[in-house]
Amino acid sequence: MDLIDRVDSWGRAAPDRPAHVSGDRALSYGELVRRSDTLAAQLARTLPDDRSPVALLGHKEPEMLIGFLGAVKAGHPYIPLDTTLPEQRVARVVAMAGARLTLTPERVAALADHPEPPPSRRVGPADPYYVIFTSGSTGEPKGVIITLNCLTSFVTWMLAEQAPAEQQETFLNQAPFSFDLSVMDLYLSLTSGGTLFSIGAEEIANPKQLYRSLAASGLTTWVSTPSFAQMCLVERGLDAGMLPQLRRFMFCGETLPPGVAAQLLDRFPGTEVWNTYGPTEATVATTSVRIDRDILARYAPLPLGYPMPGTQILLLDETGRPVAPGERGEIAIAGPNVSPGYLGRPDLTERAFFVLDGVQAYRTGDWGRFRDGMLFFEGRIDNQIKLRGYRIELGDVEANLRALPMVRDAVVLPVLRQGQPDSLAAFVILAERLPGPDPAVSRALRAQLAEQLPAYMLPRRFSVLESFPMTANGKVDRRKLAETLG
Ligand code: AMP
């Protein structure tokens with residue numbers, strides 16, 4: 001029984017159980033399976049059997065789940081795209097991926113309406129299962145291919161470690177489906193007969209509504225970025241009284257501040273707090289650790305944890321050789337959860353991926369160190385940052401700024417608050433001196449950039465300069481620019 005069969009089995013064992021709840025909509029397992037079979041039959045009839053990806057463009061609608069399963073049941077990987085992405089970025093991704101079809105929730109609803117048995121073809125173990133696009137340093141997003149085997153190795157590990165009670169759990173889905181953190185809640189839930197409880201962008205923007213939904217959710221497993229939990233902790237009423245069934249918090253995607261873990265342990269005495277770490281290229285997460293009082297008292301920053309069984313973490317020096325025990329090195333991951341590479345980009349794949357004793361491996365660009373058998377994060381080697389859990393290549397924002405006719409050159413830096421990126425600042429040299437005050441220029445730059453980049457990648461402030469400060473060897477002096485941010 002593979003992962004898809006496992007999800008399907010809940011359609012027979014618990015057809016009426018909700019597989020997904022979002023706002024006032026609920027989708028049962030019976031419906032999810034029946035409608036994804038129907039969609040798959042339609043896709044198999046209309047698309048050639050060429051494993052080309054199918055793009056799913058929506059937000060937290062139940063049709064997204066039907067679309068994901070429908071695509072893989074027809075032998076096509078899916079690309080989850082969130083409606084908050086600007087049209088032009090969506091169009092670039094769809095073109096780069098060679099997707100023959102972009103499905104919206106409305107299209108899925110129309111296609112999945114009449115019961116039909118599934119087609120004979122579907123995604124095999126080594127085939128691409130989904131493709132998630134992340135920020136690329138040159139201004140083009142890159143598509144990480146995750147095979148069914150990759151996903152299965154991740155989900156099998158999580159099910160064994162967290163042992164969710166079958167048909168009894170409700171998982172928080174905070175991250176958009178285009179961010180691979182959502183894979184943790186989506187597939188832990190669907191394979192254990194759980195309910196995925198999605199909160200949408202509107203609810204997140206409206207705290208009263210958000211806490212009302214959370215209080216009524218029956219959540220047993222909280223999956224989010226640490227930033228989201230930190231935001232929710234502002235509400236004093238967020239505690240075990242509001243979420244009495246909560247068994248565990250699971251975090252991934254960015255640094256978990258000790259202060260956040262401490263507050264959660266105080267407010268939720270019976271609930272476990274887990275930190276997990278990993279890049280999209282190694283299927284959501286590769287290490288994990290339970291943060292209890294003892295770990296909290298002993299380590300700051302907190303550990304990323306122990307590697308999942310069957311996967312190796314190596315720390316490499318610049319020449320690619322392992323560093324001495326206890327030394328800092330670049331984190332590389334080798335195991336069945338590592339992606340075969342970037343879709344249609346053998347050049348990028350060759351740079352970041354390698355094979356170690358016959359096993360696929362990936363260089364993360366993260367600095368790490370082992371202590372007491374656990375991995376610790378020590379920053380980035382390059383200009384990639386995390387902003388409220390979102391992965392951003394500063395070079396991506398810079399390249400998109402430079403592509404604007406108004407701009408000759410641009411540098412983008414994170415503005416730090418308590419040591420963590422809090423927003424972005426752009427320094428630009430204009431192609432021509434423009435009439436009008438700086439705020440008008442900033443507004444114009446922001447509006448033009450917003451047509452290319454998602455909102456979370458837009459700089460909050462823009463400074464127009466005549467020239468950039470230079471280092472002794474003639475590079476832009478980013479440190480000097482950063483000092484001006486105060
Ligand atoms: P993404 O591909 O969006 O999941 O981003 C992966 C990157 O996020 C990693 O390479 C790290 O730089 C960072 N990251 C992920 N999890 C953690 C964590 N638990 N602590 C610190 N950084 C993390």
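Counting starts at 1 for both ligands and their atoms, following the listed order. Being a predicted model, the structure only gives us computed values, none of them experimental. Numbers here simply count residues along the sequence, with the first being 1.
Side-chain rings of Phe249 and Phe268 approach one another, their centers coming within less than 6.0 Å.
Defined by atom type and a distance below 3.5 Å, a donor-acceptor pair is present between the side-chain atoms of Ser227 and Glu254. For the residue pair Thr276 and Trp274, no side-chain donor N or O sits within less than 3.5 Å of a side-chain acceptor on the partner.
Every side-chain contact (heavy atoms from CB on, under 4.5 Å) that Gln168 has, sequence neighbours left out, goes to Ala165, Arg247. The side-chain contact (heavy atoms from CB on, under 4.5 Å) test applied to Gln418 returns no partner, not counting sequence neighbours.
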May I have the list of side-chain donor-acceptor pairs in residues 72-79 shorter than 3.5 Å, sequence neighbours left out?
residue, atom, partner, partner atom, Å
Lys73, NZ, Asp8, OD1, 2.8
Lys73, NZ, Asp8, OD2, 3.4
Lys73, NZ, Ser36, OG, 3.0
Lys73, NZ, Asp37, OD1, 2.8
His76, ND1, Ser52, O, 2.7
His76, NE2, Arg121, NH2, 2.8
Tyr78, OH, Tyr187, OH, 2.9

Please tabulate, one line per pair, the protein nitrogen or oxygen atoms found under 3.5 angstrom from a nitrogen or oxygen of ligand 1, with distances to 0.1 Å, or say none if there are no such pairs.
residue, atom, partner, partner atom, Å
ligand 1, 2 (O), Thr280, N, 2.8
ligand 1, 2 (O), Thr280, OG1, 2.5
ligand 1, 2 (O), Arg391, NH1, 2.6
ligand 1, 3 (O), Lys386, NZ, 2.8
ligand 1, 5 (O), Lys386, NZ, 2.9
ligand 1, 8 (O), Gly253, O, 3.4
ligand 1, 10 (O), Asp366, OD1, 3.3
ligand 1, 10 (O), Asp366, OD2, 2.5
ligand 1, 12 (O), Asp366, OD1, 2.7
ligand 1, 12 (O), Asp366, OD2, 3.4
ligand 1, 16 (N), Gly253, N, 3.2
ligand 1, 19 (N), Glu254, O, 3.4
ligand 1, 19 (N), Asn275, OD1, 3.2
ligand 1, 19 (N), Thr276, O, 2.9
ligand 1, 20 (N), Glu254, O, 3.3

